[in-house]
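These notes are about the structure you will find just below.
Numbering of residues begins at 1 and proceeds along the displayed sequence.
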Amino acid sequence: MRRPVPGDPMSLTPRLDLRGGRDCWRDDATPQILADAPPATPVDVAIIGAGVTGAILADRLVASGRSVVLIDRRPPATGSTAASTALVLWAPDVPLVDHIARFGTQGAGARWRAVYQAVAHLDARVRALGLDCGWVARPDLYLPGDVLDAQGLRREADARQAAGLPSAWMDGGDVSRTFGLSAPAAILSEGAWSVDPVALTRGLLRQVQAAGARVLFPVDVTALHEDEDGVSLEVAGVGSLRAAQVIVATGYEAGADLGPGFTLGSSFAIASPPGQAEAWREHAMIWEAGDPYLYFRTTPDGRLVVGGEDEDFADPVRRDAMIPQKARRLAEKARARLTLPSFDIDRAWAATFGSSGDGLPAIGPRPGSRRTFLAHSFGGNGIAFASLAAGLLQQALSGAPHPLAAAFAPDRFTPMTGSGTAGAGHGSQTSPEEDAP
């Protein structure tokens, strides 16, 4: 690994147009976050990014006794967080059976259980804090698609149960009787949640501010200078701040950190007016085993939210121009899948999102650095991966890497280039069982 030297600058992230259209989260009565003054003395951890990932990280680190400052170029929760449809699921986009083929039974199971435990930890924390953020337990219903058919779902359910995860296979009759939906089969899982992502982020930030953390915005971190004793952050309009360690949680504005195996695309979503979400029973969060998958959820005020229709480009002009067309297609798919007579579109939006070659996030040391870490929730489970990052990085900052650190390392797709390099290809070069705790 390259050793940082005093004065060695690390450039940071580009400014991207992350979303377009009108989402359904930011017209609520949730109080806005007030900006703080910069800290007068060095802090233990500086977190770059005050979206949902930064907020979850800050809450975990402040609770562990660390002094924290969060810095964002936007007001908190107004970037990608505001465009999230916030299905808090522990199942990654890539099926477990595919992960078993790639990582082995033990390695795949360890990865999935880590995400499951991260969601359970977040649930306990939200409940302990009493956050008013629409945090509600929902059944997770996984339907057949072009990735897994009904028999594929049966194999997937068996693999999850063998891994100790709370999933069960349902036949078509069970799906119809329980949820009022027509499908040949499904996987029903416990431990999933719906949430208002903006309210969650603001609630956590208010908690950490009350505990002494500082939230600075709208200011831009333009460079990092890492030395043997810490990191200096150049902050436009503020000057230089000092931290012992830094976490870059800038989401899809990852910039130079977006290495091999991580890509950006566009996703689309629509929402009905409030009070119209009676399309199926139990208010399950529904998604398909497809690529791209279609998903459905309801909100506490009775909206029906439908998302999908992903594209493999991130150009914001082209993306936003497609919102009307994508909204119509999502409404048509919702009517067909849910046998609805109509679907009134009240909100329609689009957003940049990130994906990875294995459906898992980028969490760990920034390549070439010893004091700067990354928490990029690439994949369809951003909030779940944010809680995973909080646990992994809390341990890494203490100098004791988690047993699964290599499984989520940002450089795991980098080909092996020789001994001792930062890009040691953690994910593709290890044995299937190596990452199990």
I'd like to know if the side chain of [X] pairs up with that of [Y] as donor and acceptor (distance under 3.5 Å, no hydrogens or angles considered).
X	Y	result
S272	D344	no
Q245	D44	no
T201	R206	no
R19	S80	no
S355	T263	yes
H121	R60	yes

When you measure from the side chain of [X] to the backbone N and O of [Y], does any donor-acceptor pair fall under 3.5 Å?
X	Y	value
T53	G49	no
S266	F313	yes
R111	G107	yes
S189	S167	no
K326	E309	yes
E190	P166	no
S84	A86	yes
R214	D36	no
N381	A384	no
R113	A163	yes

Give the minimum heavy-atom separation between [X] and [Y], together with the two atoms involved.
X	Y	answer
V94	W112	O-CZ2, 3.2 Å
F385	G359	CZ-O, 3.6 Å
V305	A271	CG2-CB, 4.1 Å
L153	A186	CD1-CA, 3.9 Å
V147	P95	CG1-CG, 3.9 Å
S377	P361	CA-CB, 4.0 Å

Measure the [atom1]-[atom2] distance between [X] and [Y] for me, rounded to the nearest 0.5 Å.
X	Y	atom1	atom2	value
D140	I286	CG	CD1	10.0 Å
I383	L122	CD1	CG	8.0 Å
F296	L181	CZ	CG	9.0 Å
D23	T81	CG	OG1	10.5 Å
D132	R202	CG	CZ	12.5 Å

A side-chain contact here means heavy atoms from C-beta on lying under 4.5 Å apart; do [X] and [Y] qualify?
X	Y	value
Y295	V306	no
L89	M285	yes
R281	T178	no
V215	Q209	yes
L388	Q117	no
L61	L397	yes
P92	L360	yes
L141	M170	yes

Using the salt bridge (Lys or Arg N to Asp or Glu O under 4.0 Å) rule, take D358 and R412 through it: C-alpha gap first, then chi angles, then the decisive distance, then the call. CA-CA 10 Å; D358 56 11; R412 65 184 181 273; 2.9 Å; yes
Note: [X]-[Y] ion pair, threshold 4.0 Å (strictly below):
X	Y	result
R337	E332	no
D59	R125	yes
D301	R303	yes
D158	R155	no
R22	D346	no

More than 12 foreign heavy atoms under 6.0 Å from CZ of R318: is that the case here?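 For R318, atom CZ is not crowded (no more than 12 foreign heavy atoms under 6.0 Å).
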Tell me whether Q151 at atom CD has more than 12 heavy atoms from other residues, nucleotides or ligands lying less than 6.0 Å away.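 Incorrect, the count does not exceed 12.
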Any chance you could lay out the salt bridge (Lys or Arg N to Asp or Glu O under 4.0 Å) test for K333 and E288, step after step, and finish with the verdict? CA-CA 12 Å; K333 289 184 175 182; E288 293 181 339; over 6 Å; no
For a salt bridge (Lys or Arg N to Asp or Glu O under 4.0 Å) check, start with the C-alpha distance between D98 and R102, then their side-chain angles and the critical distance, and finish with the verdict. CA-CA 6 Å; D98 289 355; R102 182 168 188 161; over 6 Å; no
Do [X]'s NZ or CZ and the ring of [Y] fall within the cation-pi criteria of under 6.0 Å and 45°?
X	Y	result
R366	F373	no
R154	W169	yes
R73	F217	no

Using side-chain hydrogen bond (donor to acceptor under 3.5 Å, both in side chains), reason through R319 and T352 one step at a time and then give a plain yes or no. CA-CA 8 Å; R319 177 198 70 203; T352 297; 3.0 Å; yes
On the 0 to 90° scale, with breaks at 30° and 60°, tag the W90-Y116 ring pair as parallel, tilted or perpendicular.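 W90 vs Y116 ring planes: perpendicular.
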Determine, step by step, whether V69 and L216 satisfy the side-chain contact (heavy atoms from CB on, under 4.5 Å) criterion, reporting the C-alpha distance in whole Å, the side-chain angles of both residues, the deciding distance to 0.1 Å, and the verdict. CA-CA 7 Å; V69 60; L216 310 184; 3.8 Å; yes
Would you check, one step at a time, whether the test ring-ring contact (aromatic ring centres under 6.0 Å, His included) holds for W287 with Y293? CA-CA 7 Å; W287 54 307; Y293 62 82; 5.3 Å; yes
Per the ring-ring contact (aromatic ring centres under 6.0 Å, His included) rule, which among F413, F353, Y252 passes with F378? Y252
Between I71 and V235, does a side-chain contact (heavy atoms from CB on, under 4.5 Å) hold up when you go through it step by step? CA-CA 9 Å; I71 309 169; V235 184; 4.3 Å; yes
Could you walk me through whether L18 and R74 satisfy the side-chain contact (heavy atoms from CB on, under 4.5 Å) test, starting with their C-alpha distance in whole Å, then the side-chain angles of each, then the deciding distance to 0.1 Å, before giving a yes or no? CA-CA 11 Å; L18 293 170; R74 301 179 181 86; 3.8 Å; yes
Worked verdict on L16 versus L264 for side-chain contact (heavy atoms from CB on, under 4.5 Å): CA-CA 11 Å; L16 301 181; L264 295 179; 4.2 Å; yes
